[in-house]
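Every chain is numbered from 1, with letters handed out A, B, ... down the list of sequences. Predicted, not measured: the structure shown is a model, and the values here were computed from it.
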There are 2 protein chains.
Amino acid sequence: MAARRPRPAASAEAVRPVSMADLARELGVSMTTISRALSDHHSIGPSTKQAVLKLAKKLNYQPNHLAAALRKGRSKLLGVMVPYIEGRFFASVVHGIETAASRAGYSVIMCQSNEDVAQERRNIETLLSAQVAGILVSVSRTTLDFRHFEKVRKQGVPLVFFDRVLEGENINSVVLNDQQGAFLATRHLLAQGCRSIAHLAGPQHLNIYKNRRQGYLDALSSSDITPNESLIVECDMSVEGGQTAMAQLLTLPNPPNAVFSAGDSAALGALQLLKSRGVRVPQDVALVGFSNEALTLVAEPNITSVDQRCEEMGQAAFRLFTELVEAGNAPISQRQVVLQPQLFERASSLLGVTDKSPEANPAA
Amino acid sequence: MAARRPRPAASAEAVRPVSMADLARELGVSMTTISRALSDHHSIGPSTKQAVLKLAKKLNYQPNHLAAALRKGRSKLLGVMVPYIEGRFFASVVHGIETAASRAGYSVIMCQSNEDVAQERRNIETLLSAQVAGILVSVSRTTLDFRHFEKVRKQGVPLVFFDRVLEGENINSVVLNDQQGAFLATRHLLAQGCRSIAHLAGPQHLNIYKNRRQGYLDALSSSDITPNESLIVECDMSVEGGQTAMAQLLTLPNPPNAVFSAGDSAALGALQLLKSRGVRVPQDVALVGFSNEALTLVAEPNITSVDQRCEEMGQAAFRLFTELVEAGNAPISQRQVVLQPQLFERASSLLGVTDKSPEANPAA
DNA sequence: TTGTACGCGTTATCAC
DNA sequence: GTGATAACGCGTACAA
């Protein structure tokens with residue numbers, strides 16, 4: 001060992017991480033041996049293997065995923081794209097994805113399209129350039145065609161859509177059964193004895209809102225009720241939109257005694273307006289929302305709502321991805337996972353039980 | 001051009017993306033030329049450059065970031081770790097980071113520690129293995145020391161902490177001035193004429209709550225008010241915690257006429273309890289929360305709260321990272337960015353203005 | 001069981 | 001202004 005040298009400039013220089021070559025040199029064996037020991041290959045002596053692992057730990061060996069990925073042609077990176085990460089829904093889905101991915105040894109590259117197709121296109125390019133192992137995406141609102149996804153399948157990169165999906169294509173997807181959710185919500189109102197049920201509908205060019213409206217109609221006809229067009233008001237699903245829509249409903253000759261809103265914010269708006277007009281909820285008008293946002297437990301009374309299984313959706317999306325990997329991503333694959341929604345009954349729609357506990361209460 | 005061949009098994013095989021070598025072969029030049037043309041190198045003929053770019057577009061050239069990163073020893077990946085992605089705060093910060101990063105050509109690898117040091121340690125290893133260009137992290141609640149971050153600085157990887165920071169170290173960080181936020185909140189209550197102000201304090205081993213408590217005390221003494229220990233109640237900042245704490249305050253011989261809560265959920269709990277006891281807000285008790293969560297605009301009355309500048313924090317964190325990169329990540333660097341909070345005054349604390357618009361109203 | 005040799009796609013360093 | 005070559009760190013047929 002050399003004599004004490006003047007310390008090298010306070011270790012100002014960055015230190016290169018220990019590579020396989022370092023281990024090989026130190027141990028006097030070839031890199032192949034190192035590689036095999038580390039990857040638990042079968043043709044490796046137990047003693048050498050132990051020696052390698054021990055030295056790796058001692059020297060703080062740090063694998064270079066980039067190099068491995070370059071060699072194998074595919075990384076352990078998973079691309080995830082959402083319209084935006086803010087807000088409960090996508091944050092929860094991403095949480096679900098990340099948790100599952102991390103457990104399986106994947107890292108998540110997260111990107112946002114900001115509801116912009118151009119950005120979505122750029123993100124896809126970036127993800128492909130990063131040699132991701134797969135791409136999970138919820139398309140932006142302005143996405144109308146699949147062209148920029150063609151390259152993804154061409155390269156054999158597993159592609160899974162979740163929540164927001166374009167229809168009429170051979171795709172793998174995970175979606176919520178919105179129609180069923182709306183059906184449950186409406187049937188619940190019917191079970192409470194309401195016969196005149198209004199619907200605050202969302203923009204009908206979006207699948208989710210179209211399906212929710214259909215579920216509402218299904219429930220009505222299952223009870224032999226003829227839908228009344230004047231009880232269906234389309235709005236933008238904002239709080240203000242809900243207020244306006246509710247005000248409009250109250251001007252009817254025969255106002256409804258129940259409202260099913262396709263979104264929680266609009267439901268809140270409706271609730272605010274009802275209270276401001278002195279209409280009691282649920283006694284005079286029962287109310288159900290959709291999405292099970294946090295606000296449903298803050299509003300007074302608490303708002304009954306349909307839960308979207310955000311986290312399960314994330315898990316399911318990742319799981320579908322792994323299935324595609326195992327199946328060799330057969331190009332003609334088309335797998336659809338449909339999650340079943342869950343109704344949480346709360347005070348805003350429970351007639352005769354006005355002060356129910358805010359505890360989650362899953363209905364069948 | 002060859003005669004029509006039997007189509008190759010319905011293109012079942014994955015297609016390798018076009019590489020620089022492909023362009024070189026097609027154009028009859030060397031790869032060096034291609035590389036230079038694509039990276040806008042100075043010693044390159046304008047005509048050849050145009051030809052290369054044109055062909056690249058035509059053949060749909062797709063750069064391989066992995067290979068570039070391997071060669072250069074550092075990628076365009078940015079590691080971001082948060083305790084969890086759910087909830088408004090971290091989602092917004094990540095949104096801010098991702099937006100800024102994407103603009104600067106970086107991709108974000110997002111991971112969660114789930115408030116677990118061990119997971120945090122593993123994530124750091126993973127990020128380093130991915131050769132990230134830098135790491136932005138908000139430490140988990142169970143993190144007590146910096147050991148697992150030592151390797152990061154050793155390797156010269158820029159490291160930025162945001163929001164949750166360990167103290168007493170040479171670190172780069174972006175934090176909110178919690179003390180100032182609490183000061184603003186309390187001073188606002190004083191300005192409303194309240195002299196007996198209680199404080200719902202959070203767990204005092206966490207910096208943010210300690211600082212908020214201090215800001216509260218500062219404001220009191222700036223008005224020559226002697227703090228009353230019985231008016232300071234520590235709770236877990238949950239809705240239920242807020243209810244319990246508020247109930248306790250109401251049992252005092254001289255209950256307060258104002259409450260500053262270190263969190264919005266606890267403020268909501270306090271509000272609920274006050275209403276259930278028939279105490280009017282703000283007339284009998286004025287109320288201010290902290291974090292400016294969505295619930296503040298849902299509660300009735302809307303709750304005055306301190307905004308944490310989530311998105312700005314994300315932007316600032318990324319900006320700090322880029323500064324470190326440009327400065328060559330000088331090992332002894334220590335930069336602190338302190339964001340100024342903003343008070344949003346709402347009905348819960350405005351005496352004489354009970355039905356103020358829910359619009360955001362930034363106070364000085 | 002272990003070692004040799006090569007290639008993954010890109011960039012930096014020379015030489016021309 | 002352009003080209004040949006080496007190197008980044010790792011995985012894997014193939015040979016020993």
Side-chain angles (χ1 to χ4, degrees), chain A residues 14-53 55-56 59-77 125-126 128-133 155-156, chain B residues 14-53 56 59-77 105 128-133 155-156:
Chain A
V15 170
R16 182 181 55 74
V18 174
S19 74
M20 296 201 339
D22 298 323
L23 299 183
R25 196 178 317 114
E26 186 78 13
L27 219 61
V29 298
S30 81
M31 277 186 50
T32 315
T33 305
I34 304 293
S35 174
R36 281 177 178 146
L38 292 174
S39 56
D40 217 25
H41 195 274
H42 61 274
S43 63
I44 183 79
S47 58
T48 36
K49 180 173 157 185
Q50 284 311 313
V52 171
L53 293 181
L55 183 69
L59 296 190
N60 241 307
Y61 164 70
Q62 185 182 103
N64 186 328
H65 291 171
L66 255 52
L70 176 61
R71 181 69 237 284
K72 295 202 284 203
R74 191 131 304 169
S75 71
K76 275 289 204 174
L77 297 173
E125 295 290 335
T126 305
L128 287 178
S129 290
Q131 315 293 115
V132 292
Q155 297 188 15
Chain B
V15 169
R16 181 182 56 74
V18 174
S19 74
M20 295 199 339
D22 298 323
L23 298 184
R25 197 178 317 113
E26 186 79 13
L27 219 61
V29 298
S30 80
M31 277 185 49
T32 314
T33 305
I34 303 293
S35 175
R36 281 177 179 148
L38 293 174
S39 55
D40 216 24
H41 195 274
H42 61 274
S43 63
I44 181 81
S47 58
T48 36
K49 180 174 159 186
Q50 283 311 313
V52 170
L53 292 180
L59 294 190
N60 242 306
Y61 164 71
Q62 186 182 103
N64 186 327
H65 291 171
L66 255 52
L70 175 61
R71 183 57 237 263
K72 296 202 283 201
R74 191 130 304 168
S75 70
K76 275 288 205 176
L77 297 172
L128 287 178
S129 289
Q131 315 293 116
V132 292
Q155 296 188 17

Spacing between [X] atom [atom1] and [N] atom [atom2], to the nearest angstrom:
| X | N | atom1 | atom2 | value |
| --- | --- | --- | --- | --- |
| B:Gln131 | D:dG9 | CD | P | 8 Å |
| B:Ile34 | D:dG1 | CD1 | P | 17 Å |
| B:Asn64 | C:dC8 | CG | P | 12 Å |
| A:Leu70 | D:dC8 | CG | C1' | 9 Å |
| B:Leu66 | D:dA7 | CG | P | 22 Å |
| B:Met31 | C:dT13 | CE | P | 16 Å |
| A:His42 | C:dT2 | NE2 | P | 12 Å |
| B:His65 | C:dT10 | NE2 | P | 10 Å |

Taking any heavy-atom pair under 4.0 Å as a contact, classify [X]: base, sugar-phosphate, or nothing.
| X | result |
| --- | --- |
| A:Met20 | sugar-phosphate |
| B:Gly73 | nothing |
| B:Arg16 | sugar-phosphate |
| B:Thr48 | sugar-phosphate |
| B:Ile44 | sugar-phosphate |
| A:Ser35 | base |

Side chain B:Arg36 and base D:dG3 donor-acceptor under 3.5 Å: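 Yes.
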
Side chain of B:Thr32, base of D:dA4: donor and acceptor closer than 3.5 Å?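 Present.
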
Pick from B:Val29, B:Ile44, B:Thr48: which one makes a side-chain contact (heavy atoms from CB on, under 4.5 Å) with B:Ile34? B:Val29

Return the nearest nucleotide to the side chain of [X]; candidates are [options].
| X | options | value |
| --- | --- | --- |
| B:Arg71 | D:dT2, D:dA7, D:dG11 | D:dA7 |
| A:Thr33 | C:dT10, D:dG3, C:dG3 | C:dG3 |
| B:Lys72 | D:dC8, D:dG11, C:dA12 | C:dA12 |

For DNA chain C, the expected dot-bracket line (Watson-Crick or G-U under 3.5 Å, [ ] crossing, | inter-strand) is ||||||||||||||||

Spatial distance of atom CD (A:Gln131) from atom CG (A:Leu66) [nearest 0.5 Å]: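 Those atoms lie 10.0 Å apart.
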
At what distance, to the nearest 0.5 angstrom, does CG of A:Leu38 lie from CE of A:Met31?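 Going from the CG atom of A:Leu38 to the CE atom of A:Met31 covers 10.0 Å.
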
Passes side-chain contact (heavy atoms from CB on, under 4.5 Å), A:Val18 versus A:Gln62? Steps please. CA-CA 6 Å; A:Val18 174; A:Gln62 185 182 103; 6.0 Å; no

Which residue lies more 5' along DNA chain D, comparing B:Ser43 with B:Ala67 via nearest heavy atoms: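 On the 5' side of the pair lies B:Ser43.
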
Within the structure, does a side-chain N or O atom of B:Tyr61 lie under 4.0 Å from either OP1 or OP2 of C:dT10?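 So the side-chain polar atoms of B:Tyr61 do come within 4.0 Å of the phosphate oxygens OP1 or OP2 of C:dT10, strictly under.
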
Quick check against the 3.5 Å criterion: does B:Ser129 have a side-chain atom that pairs as donor or acceptor with the backbone of A:Pro63?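 Judged by distance alone, yes, a pair lies under 3.5 Å.
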
Has A:Ser75 got a side-chain atom pairing as donor or acceptor with A:Ala69's backbone, closer than 3.5 angstrom? no

When you compare the side chains of A:His41 and A:Ser39, does any donor N or O come within less than 3.5 Å of an acceptor on the partner? no

Can you tell me which residue pairs pass the side chain to side chain donor-acceptor pair (under 3.5 Å) test with a partner in residues 18-31 of chain B, sequence neighbours excluded?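 The answer is B:Arg16-B:Asp22, B:Ser19-B:Asp22, B:Asp22-B:Arg25, B:Ser30-B:Thr33.
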
